[in-house]
Amino acid sequence: MRSVTYSMSVSLDGYIVDPDGGIDWTVPAPEVFRFWIDEIRDVDVHLMGRRLYETMLYWETADQNGSLDDAELEWAALWNPLPKVVFSTTLSEVQGNARLLSGGLTEEIERLRAEPGEGEIAIGGATLAAEASAAGLIDEYRTIVYPVLIGGGIPFFPRNERRVDLELVETRTFNSKVVYLRHRVVR
């Protein structure tokens, strides 16, 4: 069965965006960006909420402006054709290789898990991940922890998270002092 992963950049105090919605503290150093490129290769479909979708829209046309470096071009070449499912009740349409759903996250994950394939079902966005976590659908939590305290914003983990036992299966420290943590849910 295909695994469901939740992976995002996070501040040391546990937030994915600051109190003003900013993510400028998550600009990846080249080695971290290379890591994200390698990670996306294992993804078959990416589920996301509206805010992350709108943030990632940049990549739909970024390769056309002529200012991207080789790594950014590689990312765009992998990201753009990747199937995406956007969960939103406020959007009326989506672009690129995305389709729009207004609900039914559990049903969509079950449908995707039943399809043949080896690649991961990735979830991005704290609100969507919280719903998947509450339903016990997340198999791995992956964090890129930045050495910054931002004091508030949107938390990576919901504040009312139920107990979930985890097993640390991988760590990596980058030269930029960013740390990758990969935890598998113990079932």
Side-chain angles (χ1 to χ4, degrees), residues 2-60 62 68-80 82 84-87 119-133 137-159 161 164-186:
R2 297 162 70 184
S3 65
V4 177
T5 62
Y6 172 35
S7 181
M8 294 195 76
S9 297
V10 62
S11 64
L12 185 59
D13 55 349
Y15 298 96
I16 61 169
V17 299
D18 68 25
D20 298 320
I23 57 171
D24 60 326
W25 51 273
T26 67
V27 175
E31 66 178 339
V32 175
F33 193 67
R34 169 58 47 201
F35 175 83
W36 283 119
I37 290 170
D38 293 341
E39 285 287 297
I40 203 69
R41 292 181 195 285
D42 294 330
V43 174
D44 274 354
V45 61
H46 202 290
L47 313 180
M48 64 184 75
R50 178 193 53 82
R51 284 188 293 259
L52 181 59
Y53 167 74
E54 289 174 342
T55 299
M56 297 304 287
L57 268 177
Y58 165 80
W59 293 103
E60 289 295 324
L68 298 185
D69 64 27
D70 289 343
E72 292 168 324
L73 287 169
E74 185 177 358
W75 170 265
L78 293 166
W79 178 257
N80 288 341
L82 180 68
K84 299 163 198 77
V85 181
V86 180
F87 290 83
E120 298 167 356
I121 301 166
I123 294 181
T127 303
L128 197 62
E131 184 180 341
S133 179
L137 297 172
I138 296 178
D139 299 303
E140 287 191 6
Y141 293 86
R142 300 174 181 178
T143 55
I144 299 281
V145 182
Y146 281 78
V148 60
L149 303 174
I150 59 175
I154 298 174
F156 180 85
F157 295 105
R159 292 299 175 220
E161 178 70 82
V164 178
D165 292 321
L166 303 171
E167 170 189 16
L168 180 64
V169 293
E170 185 179 356
T171 64
R172 180 173 172 186
T173 302
F174 297 96
N175 291 335
S176 57
K177 306 301 182 215
V178 171
V179 176
Y180 170 68
L181 301 170
R182 178 177 163 212
H183 290 88
R184 183 175 300 131
V185 174
V186 175

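These figures come from a predicted structure and were not determined experimentally.
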Side chain to side chain contact (heavy atoms under 4.5 Å, CB included) against A132, all qualifying residues, sequence neighbours excluded: L105, I109, I123, L137, I138

Shortest non-hydrogen contact between I150 and S11, atoms and distance: CG1-OG, 3.6 Å

Audit row: D139, V185, side-chain contact (heavy atoms from CB on, under 4.5 Å) steps and yes/no: CA-CA 5 Å; D139 299 303; V185 174; 5.6 Å; no

E72: partners by salt bridge (charged side-chain N to carboxylate O under 4.0 Å, His left out), with sequence neighbours left out: none

Partner residues of Y6 under the ring pair (Phe, Tyr, Trp, His ring centres under 6.0 Å) criterion, sequence neighbours left out: F156

Point-to-point distance, once rounded to the nearest 0.5 Å, from CG of L47 to OH of Y53: 14.5 Å

Using atom types as modelled, flag every donor-acceptor pair under 3.5 Å from a side chain in residues 19-29 to any protein atom, sequence neighbours excluded.
| from | atom 1 | to | atom 2 | distance (Å) |
| --- | --- | --- | --- | --- |
| W25 | NE1 | G22 | O | 3.4 |
| T26 | OG1 | I23 | O | 2.6 |

Any residue meeting side-chain hydrogen bond (donor to acceptor under 3.5 Å, both in side chains) with D165, in chain and number order, not counting sequence neighbours: R163

Heavy atoms from other residues, nucleotides or ligands near CZ of R51 exceed 12 (cutoff 6.0 Å): no

Residue pair S7, W36: steps toward the side-chain contact (heavy atoms from CB on, under 4.5 Å) verdict: CA-CA 10 Å; S7 181; W36 283 119; 3.2 Å; yes

Closest non-hydrogen atom pair, S9 against I16: O-CG2, 3.4 Å

Spacing of T127 atom OG1 and I154 atom CD1 [to the nearest 0.5 Å]: 6.0 Å

P155 to A126 - nearest heavy-atom pair and separation: O-CB, 3.3 Å

Salt bridge (charged side-chain N to carboxylate O under 4.0 Å, His left out) partners of E54, counting only residues at least two apart: R50

Non-hydrogen atoms of P147 and V178 that approach each other most closely: CD-CG2, 4.2 Å

Closest non-hydrogen atom pair, D13 against G151: OD2-N, 2.7 Å

Test side chain to side chain contact (heavy atoms under 4.5 Å, CB included) applied to T171 - qualifying residues, sequence neighbours left out: L168, L181

Salt bridge (charged side-chain N to carboxylate O under 4.0 Å, His left out) partners for D18, two or more places apart: none

Test side chain to side chain contact (heavy atoms under 4.5 Å, CB included) applied to E120 - qualifying residues, sequence neighbours left out: S3, T5, D42, V43, R142

Heavy-atom pair of closest approach, residues L128 and G49: CD2-N, 3.8 Å

Residues R172, R182; criterion side-chain contact (heavy atoms from CB on, under 4.5 Å); working and verdict: CA-CA 9 Å; R172 180 173 172 186; R182 178 177 163 212; over 6 Å; no

For R2, salt bridge (charged side-chain N to carboxylate O under 4.0 Å, His left out) partners two or more places apart: D44, E115

Side chains of Y146 and V32 in contact at under 4.5 Å (non-hydrogen atoms): yes

F35: ring pair (Phe, Tyr, Trp, His ring centres under 6.0 Å) partners, not counting sequence neighbours: F174, Y180

Approximate separation, where rounding is to 0.5 Å, of M8 CE and M48 CE: 9.5 Å

Gap between atom CD1 of I144 and atom CD of E39 - 0.5 Å precision: 7.5 Å

Atom pair CD1/CH2 of I40 and W79 - distance to nearest 0.5 Å: 5.0 Å

Inter-residue atom distance M56.CE - Y58.OH, 0.5 Å rounding: 10.5 Å

Criterion side-chain contact (heavy atoms from CB on, under 4.5 Å) on Y141 and V10, from CA distance to verdict: CA-CA 12 Å; Y141 293 86; V10 62; over 6 Å; no

Which residues share a side chain to side chain contact (heavy atoms under 4.5 Å, CB included) with E60, sequence neighbours left out: L57, N80, K84

